[in-house]
Amino acid sequence: MRHEAVAPGPEQMLRSPDLPRSGTLAARKAHADARATRADELDRWLTGLLGPEPHVALVAVGSHGRRDLTPGGDLDLVLLHRGRSKAPGDGLGDRDRAHLTGPADRPDAGGPSGLDVLDAAWARHVAEVADRIWYPVWDSGLRLDHSVRTVHEARTVARDDLKAALGLMSARRIAGEQSLVDELRAAVLADWRADARRRLGELSAMTRERWETQGELAFLLEPDLKEARGGLRDVHVMQAVAASWVAPAPDERVRAAYRLLLDVRHALHELTGRAADRLVLQEQEAVARAVGLLDADMLLRTTAEAARTVTYAGDHVWRHVDRFCAARGRNRGRGRPERRPLADGVVEHDGEAVLARGADLTDPALVLRIAAGAAQAGLPLAPATVNRMAEDVPPMPVPWPAEARDALVALLGAGPPAIPVWEALDQAGLITRLLPDWERVRNRPQRNPVHRFTVDRHLVEAATGAAALTREVARPDLLLVGALLHDIGKGWPGDHSRGGAVVARDMGARMGFGERDVGVLEAMVRHHLLLPDTATRRDLDDPVTIRAVADAVGGHEVLELLAALSLADGLATGPAAWGAWKAGLVDELVRRVTAALSGRAVPRAPEPSPAQLALARHGGGAVRVVGTRITVVAPDRPGLLWRAAGVLALHRLVVRTARGVLPAQGGDGPTAMIEFTAVPEYGTPPDPALLEADLRRALADRLDVAARLERRAGAARVRPGAVVPPPRVTILDDASNTATVIEVRAHDRPGLLWRIGRAIGACGLQVRAAQVDTLGANAVDVFYVVGEDGAPISDTAALDAVRQRILKVLR
């Protein structure tokens, strides 16, 4: 593999081979121009509908107020007028009142009280004006959200309704009396600022609830462009906070990110003809082309970058809000906040880490030293400090000085508090300046629902998670850096473990590690999947399995580091990638490999328990269910394992392992014992008595497992747009000396183990053991099979026939 010293920059990464960069800009400009043209046309049309009406103004709020209306967006309008007071009960009918108030203001909807009581003639006139506007809008097919209010009414609603207040802050006159609109905006803003602590507290709670519901846009495979964290709504919220004078308005970087997300939303609405804001899988390729990007992956990278820019800026805004809201009741005139030293060149000031007055800006290690000091103190980096370092601190020499390397280790060793600090450096371009190869993984999506994050964020999560394991290894520095680099190869073609090992060697040398340590980092990256893959996909009782792992790791140091890395990697990936079952298998594998490396006898599999032995002596058919362990004893017969696995699938149990425990002699002849580890697909486990009854029926050929599984499979549907790679069957030649090992990779579905086992049995083979691993919708099942003579299969033609038979049942 050829490894270039510097990865392509973001401009190159965004460029399509058949679409020049100017095409991207042209496509996005076309969307912006379309919105501007549509806004102008709507304004002219609505102005004509209103006509020359004194004491009335037609006002746009929301997206049209911002001139951001996309094809599927709602048109939000307020007909504002000067009320003429009249005593209550003097001629105003229900129909007129309905025209004069929006749905939220009607008495039966629990709307605000105290609205103006209007002169009946004026009310009828305003209602007629409203009819003249609303009906043509409805007839045009536009989605309309409307209300009719006086300035006083609108102000009253805004005081009580947070969403109404946010909308009115973007109020824009379309036609009519400008002074009415000026009066409204001034009143709403005055109220907003006067009651800022209460309103911003409400806004904070509402925003965090939305984040909890919608997730983080940058890390979702199907994000909501408007409501997810880092989306369009967050920029509107930041603008509202800025209107309170508590925090500065969004800067140009945030506005550019906003325009990009808006262009993507515009393209999505235009292509689908719907108002949905979720960027679903099946629309991503078309939307990417519509905004001038290469493909769906580049679209997700681009939207992720924009969302992270919005999120980073938003975090700074909310820190301002939190300090402002917490200041209630304090004596805020006690002088300037104290500056507390954190490390050389960095101090704490007003809850943030900032440059010390005497910081040496000519020191290249200053960036990492300040970052480490902030993370160790659990503080965010002040944006001004980050920007100053990006402008004035010189590039890091290659190789790095020891001080810089130690600072990187201290930064990662701070654990989770290092994540926002790393993000601040990344937003300023300092990470790719320190580690040019990082550009390859930056914002790179992982099209696997098992993964919670983009590649770069996953690496940082793994490294900071590994900080909790540094007491378990002799070289915590190599553990932290190895975790940071373990998936670095995902930015390169081919096997990411092999390619990443080459990149990790270069990056380790760049950081100034010695040759031996660079070799360890390379081995960690090359073999970071070795332990979990082997533990879940190979027979740990087979000596070949243990010897292969021992030969790969070469010694205790790498084994120890890989064990910790496996845990940190699994936890950073997501709950579907790591659990007690996998952790137990990895621990058992490490125990056996440690013994092999020490020259001790490899621990054997646990002997059958007295309860299992007693069960076997019964002969006939017997079942015992204890938690996730299910033991089946029955007269030995071909296909016993896969028949039993089919019953477990009927009860919505996912088989994790299956193996023969004890060949025994029962009262009626040879007896087979199989032990399964199985967990529920969801919910609680099935009733053990029902499971045992069905297993007995199946073993007695009184249960049609095939028909019931086919009905379940028929009810399962692959989601439209989901990419399902073709199945793959591989014969692993060197995985065992006592059996032929067949690895099957396929889309998971009910009864998969049963189908594969039946195909193997149809070829006259016996499954001695099976290891099953499921990551999201992808299953990796490994079968140890033997022929009728109990030996591995050596006939190439026979093996190819088995392979083709399995592929047939998977298609």
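For this chain, numbers begin at 1 and follow the sequence in order. Remember, predicted model here, so these are calculated numbers, not experimental data.
Both tests do not hold together for R143 against W138: distance to the six-membered ring centre under 6.0 Å, angle to the ring axis within 45°. Judged by the 6.0 Å distance and 45° axis criteria, R452 is not positioned over the aromatic ring of F219.
P686 is listed as a side-chain neighbour of L653, based on a closest heavy-atom distance under 4.5 Å. Counting only heavy atoms from C-beta outward, the side chains of L459 and W422 never approach each other to under 4.5 Å. Residues D569 and W578 form no side-chain contact, since every pair of their non-hydrogen atoms from C-beta on lies 4.5 Å or further apart.
Between R198 and D195 a salt bridge is recorded (basic side-chain N to carboxylate O distance below 4.0 Å). For the pair R210 and D234, the salt-bridge criterion is met [side-chain N within less than 4.0 Å of a carboxylate O]. A salt bridge does not link R289 with E285: none of the charged nitrogens is closer than 4.0 Å to a carboxylate oxygen. Using a 4.0 Å cut-off between a side-chain N of Lys or Arg and a carboxylate O of Asp or Glu, K29 and D33 qualify as a salt bridge. In summary, R278 and E222 do not engage in a salt bridge, as defined by a charged side-chain N under 4.0 Å from a carboxylate O. The pair E305-R442 meets the salt-bridge criterion, with a side-chain N (NZ, NE, NH1 or NH2) lying under 4.0 Å from an Asp/Glu carboxylate O. Remark: R444 does not engage D297 in a salt bridge, criterion side-chain N to carboxylate O under 4.0 Å.
For D456 (side chain) and N443 (main-chain N/O), a donor-acceptor pair under 3.5 Å exists by modelled atom type. The backbone N or O of G65 sits less than 3.5 Å from a side-chain atom of R172, completing a donor-acceptor pair.
Counted within 6.0 Å of CD on E252, heavy atoms from surrounding residues, nucleotides or ligands total more than 12; the atom is thus considered enclosed.
If you look at H31 and H269, their ring centroids are not closer than 6.0 Å.
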Could you pull out all donor-acceptor pairs under 3.5 Å where a side-chain atom in residues 239-250 meets a protein atom, sequence neighbours excluded?
from : atom 1 : to   : atom 2 : distance (Å)
S244 : OG     : V241 : O      : 2.5
S244 : OG     : V246 : N      : 3.4

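Q427 and R253 are linked by a side-chain donor-acceptor pair at a separation below 3.5 angstrom, with hydrogens and angles left out of the test. Side-chain contact, H528 with D487: a donor N or O sits under 3.5 Å from an acceptor N or O. For the residue pair Y312/D426, the side-chain donor-acceptor check at 3.5 Å is not satisfied.
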Passes ring pair (Phe, Tyr, Trp, His ring centres under 6.0 Å), H486 versus H458? Steps please.
-> CA-CA 10 Å; H486 75 273; H458 168 71; 5.1 Å; yes
Could you check R229 against D224 for salt bridge (Lys or Arg N to Asp or Glu O under 4.0 Å), going step by step and ending with a plain yes or no?
-> CA-CA 9 Å; R229 186 179 185 188; D224 187 305; over 6 Å; no
